[in-house]
Amino acid sequence: QVQLVESGGGLVQPGRSLRLSCAASGIIFSRCTMGWYRQTPGKQRELVARIFSGGTTNYADSVKGRFTISRANAKNTVYLQMDSLKPEDTGVYYCNANDPLTRRSDYWGQGTQVTVSS
């Protein structure tokens, strides 16, 4: 059974930082592409950042230079360090796993709320 469990969300003032974590089980973590997605009311879920098994990263233009995705394969965990947060970063952040060998990409966590407000 695959489980992705996010943590680290909360309420933060603009300009501050948060670090999200996603602990995975039931998958071969080291070979998976791990991603963070964001969803806000009335909008489709969008990719924020992803990291491939080899360490290559991609970021949405809106977060480049402010967010950093990383992974710790020994802990089956992916992180999203979010700095210089803006109100428009508010949303529910979801962790995703994409296994290139099985071509399964529908592994999702339950989401964690991030609210950036003064």
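Because only heavy atoms are used, hydrogens play no part in the values below, and waters and symmetry mates are left out as well, while side chains stay in. Residue numbers run from 1 in the order of the sequence given.
Panel note: side chain R71, backbone F52; a donor-acceptor pair is recorded below 3.5 Å. Judged purely by atom type and a 3.5 angstrom limit, T90 uses its side chain to pair as donor or acceptor with the backbone of V116. Although no hydrogens or angles enter the test, the distance criterion places a donor-acceptor pair under 3.5 Å between the side chain of E6 and the main chain of Q110.
To the nearest 0.5 angstrom, N98 atom CG is 11.0 Å from R31 atom CZ. Expressed to the nearest 0.5 Å, how far CG of L47 lies from CG of N58 amounts to 7.0 Å. Here the OH atom belonging to Y37 is positioned 12.0 Å from the CD atom belonging to Q44, to the nearest 0.5 angstrom. We find the CD1-OG1 distance between I51 and T68 to be 10.0 Å, quoted to the nearest 0.5 Å. For the atom pair L80 CG and T112 OG1, the distance stands at 11.0 Å (nearest 0.5 Å). With rounding to the nearest 0.5 Å, the separation of OG in S105 from CG in N96 is 6.5 Å.
Here the side chains of R66 and S84 are in contact, with some heavy-atom distance below 4.5 Å. For the pair Y93 and Q113, the minimum side-chain heavy-atom distance is 4.5 Å or more. With a 4.5 Å cut-off on side-chain heavy atoms, V78 and F29 count as touching. When side chains are defined from C-beta on, L85 counts as touching F67, because their heavy atoms get closer than 4.5 Å. Side-chain contact between C95 and W108 is absent, with no heavy atoms from C-beta onward closer than 4.5 Å. Counting heavy atoms from C-beta outward, I69 and Y59 have side chains that approach closer than 4.5 Å.
Tested against T115 for a side chain to side chain contact (heavy atoms under 4.5 Å, CB included), the candidates D89, L11, L18 yield a single pass: L11.
P14 and S118 make their closest contact through CD-N, 3.7 Å (heavy atoms, listed as atom of the first residue, atom of the second, distance). In terms of heavy-atom proximity, C32 sits nearest to I27 at SG-CD1, 4.0 Å. Considering every non-hydrogen atom in both G9 and L20, the closest pair reads N-CD2, 3.6 Å. The heavy-atom pair separating L4 from C22 by the smallest distance is CB-SG, 3.9 Å. Shortest non-hydrogen contact noted between A97 and M34 is CB-SD, 3.7 Å.
For P100, there are no side-chain contact (heavy atoms from CB on, under 4.5 Å) partners at least two apart in sequence or on another chain. Partners of E46 under the side chain to side chain donor-acceptor pair (under 3.5 Å) rule, at least two apart in sequence or in another chain, are R38.
For the pair R45 and Y94, the cation-pi criterion (under 6.0 Å, within 45° of the ring axis) is fulfilled.
Applying the side chain to side chain donor-acceptor pair (under 3.5 Å) rule to pairs touching residues 13-25 yields S17-D83, sequence neighbours excluded.
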